[in-house]
Colleague: 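To start, I am sharing the structure in question, which I have written as structure tokens.
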Amino acid sequence: MVSCPGTSFYSRPTDVVARDLVGKKLVRMLKLDDRALRLSGIIVETEAYGHSDDAASHAHIGRTARNTVMFGDIGRAYVYFAYGNHFCVNVSARANRAGAGAVLIRGIEPVEGIDVMKQFRPVGDAFSLTSGPGKLTEALNITSLLNGVDMTDARSELHVEHGAKPRKVIATPRIGITSATEKSWRFIDPASPFVTRKIKIKV
DNA sequence: CGCTCGATATTCT
DNA sequence: GAATATCGAGCGA
């Protein structure tokens, strides 16, 4: 019996959830050519996104067709298409008072099914296989078809499991946003090479 | 190495 | 019509 973080885990402020997700395992199960495959990796980089308190969040302007999952049940996958090229995957979470929120998964360390990941994402450099939000969704074959799946259920095609070891975590400013840049809501395992290296700081 | 810039679709104004 | 929670090619040093 595999254990997954449940609704009590995701029912906290998103920055707390984001910090605790580092070291957990992201698991993708799928069928390919009639074979059941299991791909997974340890989460090493996340970012928290809030609601009305966070101008950089998709939920800041209120509920829309795209961000509905951020306002619905917690522990669900929020998958969206960015820049016309890439998918990004989040887990919905929020404290009881907040109206919406999610945690973006920005980087993982591959554990299971690495050969299959390389089929989905052929790349020479091992580090660039899953070191970035658009990269890991390609390696794990995550698309908007998975939007809304229950990530607290070990039977889901996409879910989160407890990791083997706790990791050291540090907070930094978030990447790729132009507002609310003062919040240190990005959380990384500084020892892992699978984190975004370049940090842009916009003024 | 590091920086600039174009690709490309969905969303919102 | 503008902006975007990105990536990687191309260029110069």
Side-chain angles (χ1 to χ4, degrees), chain A residues 10 13-19 21-22 26 41 43-72 74 76-94 98-108 110 117-148 151 158 160 169-188 193-203:
Chain A
Y10 297 104
T14 48
D15 58 318
V16 177
V17 176
R19 176 180 287 273
L21 272 175
V22 176
L26 181 68
I43 298 170
V44 294
E45 177 174 358
T46 63
E47 278 179 7
Y49 286 89
H51 183 210
S52 48
D53 60 325
D54 182 8
S57 172
H58 287 170
H60 183 245
I61 57 173
R63 187 178 191 140
T64 66
R66 175 174 66 167
N67 66 24
T68 296
V69 173
M70 292 182 78
F71 291 80
I74 57 178
R76 302 299 178 112
Y78 170 41
V79 183
Y80 69 92
F81 199 50
Y83 294 103
N85 288 308
H86 309 283
F87 291 101
C88 293
V89 61
N90 300 248
V91 192
S92 62
R94 63 172 169 274
V103 175
L104 172 67
I105 298 175
R106 291 191 54 93
I108 64 173
M117 293 186 203
K118 286 177 178 170
Q119 287 180 35
F120 287 126
R121 179 174 164 77
V123 57
D125 176 13
F127 288 157
S128 86
L129 185 61
T130 55
S131 60
K135 300 176 188 176
L136 70 91
T137 52
E138 185 178 15
L140 298 183
N141 194 33
I142 295 171
T143 70
S144 54
L145 293 175
L146 294 172
N147 194 44
M151 298 185 75
L158 183 66
V160 173
V169 181
I170 65 172
T172 81
R174 292 175 289 183
I175 292 181
I177 56 170
T178 54
S179 51
T181 52
E182 77 285 352
K183 292 183 192 304
S184 285
W185 277 7
R186 170 174 175 254
F187 301 93
I188 63 173
F194 290 85
V195 299
T196 306
R197 287 132 191 291
K198 183 161 38 170
I199 302 182
K200 299 175 192 166
I201 298 185
K202 293 214 172 185
V203 208

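The chains referred to below are lettered A, B, ... by the order of the sequence lines, with proteins before strands, and numbering in each begins at 1.
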Colleague: Using whole Å, report how far CG of A:Asn90 lies from C1' of C:dT6.
Modeller: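 Rounded to whole Å, this separation is 14 Å.
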
Colleague: If you round to the nearest 0.5 Å, how far is CG of A:Leu140 from CG of A:Leu146?
Modeller: 10.0 Å

Colleague: Calculate the interatomic distance between A:Arg174 atom CZ and C:dT6 atom P; express it in whole Å.
Modeller: 11 Å

Colleague: Write down the distance between CZ (A:Phe87) and C1' (B:dT8), rounded to a whole number of angstrom.
Modeller: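 That distance rounds to 12 Å.
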
Colleague: Checking all strands, does A:Ala56 fall into the base, sugar-phosphate, or nothing category for heavy-atom contacts under 4.0 angstrom?
Modeller: base

Colleague: Give a yes/no answer on whether the side chain of A:His58 brings an N or O atom under 4.0 Å of OP1 or OP2 in C:dA5.
Modeller: yes

Colleague: Please state whether the base of C:dT6 and the side chain of A:Asn85 form at least one donor-acceptor pair under 3.5 Å?
Modeller: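 Between C:dT6 and A:Asn85, which were checked side chain against base, a qualifying N/O pair under 3.5 Å is absent.
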
Colleague: Determine: side-chain N/O of A:Arg121 to OP1/OP2 of C:dG8, distance under 4.0 Å, yes or no.
Modeller: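 Affirmative; the distance criterion is met.
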
Colleague: Mind listing the closest non-hydrogen atom pair of A:Val69 and A:Ala77 along with its distance?
Modeller: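 What the structure gives for the nearest pair is CG1-O, 3.6 Å.
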
Colleague: Are A:Ser128 and C:dG8 close enough that a side-chain N or O sits under 4.0 Å from OP1 or OP2?
Modeller: no

Colleague: If I compare all heavy atoms of A:Val160 with all of A:Leu21, which pair ends up nearest, and what's the gap?
Modeller: CG1-CD2, 4.1 Å

Colleague: By a 5.5 angstrom centroid cut-off and a 30 degree plane limit, is there stacking between A:Tyr83 and B:dA7?
Modeller: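 By the stated criterion, A:Tyr83 and B:dA7 do not stack.
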
Colleague: Pick out the pairs of N or O atoms, protein on one side and nucleotides 11-13 of chain B on the other, that lie under 3.5 Å.
Modeller:
from	atom 1	to	atom 2	distance (Å)
B:dC12	OP1	A:Thr64	OG1	2.4

Colleague: Checking side chain to side chain contact (heavy atoms under 4.5 Å, CB included) between A:Ile105 and each of A:Asn90, A:Val44, A:Thr137, A:Leu136, which is the one that passes?
Modeller: A:Leu136

Colleague: Find the partner of C:dA5: check Watson-Crick (N1-N3 plus N6-O4 or O6-N4) and G-U wobble (N1-O2, O6-N3) distances, both under 3.5 Å, and reply none if neither fits.
Modeller: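 None - no nucleotide pairs with C:dA5, as no candidate has both distances under 3.5 Å.
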
Colleague: Does A:Asn147 reach the main-chain N or O of A:Ser144 with its side chain, forming a donor-acceptor pair under 3.5 Å?
Modeller: no

Colleague: After noting the C-alpha distance and the side-chain angles of A:Ser179 and A:His60, does the key distance pass the side-chain contact (heavy atoms from CB on, under 4.5 Å) rule?
Modeller: CA-CA 11 Å; A:Ser179 51; A:His60 183 245; over 6 Å; no

Colleague: If you check the A:Phe81 side chain, which of C:dT6, B:dA9, C:dA5 turns out closest?
Modeller: B:dA9

Colleague: Out of curiosity, A:Thr46 OG1 to A:Trp185 CH2, how far, rounded to the nearest 0.5 Å?
Modeller: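 Result: 12.0 Å between the selected atoms.
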
Colleague: From CG of A:Asn147 over to P of B:dT10, roughly how many Å is that when rounded to an integer?
Modeller: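 Roughly 14 Å, once rounded to whole Å.
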
Colleague: Under 6.0 Å between ring centres: does that hold for A:Phe71 and A:His51?
Modeller: yes

Colleague: Which word best sums up how the rings of A:Phe87 and A:Phe81 line up, parallel for under 30°, tilted for 30 to 60°, or perpendicular for over 60°?
Modeller: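 It falls in the tilted class, 30° to 60°.
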
Colleague: What parts of residues 131-145 of chain A reach DNA chain B, counting only heavy atoms under 4.0 Å away?
Modeller: none

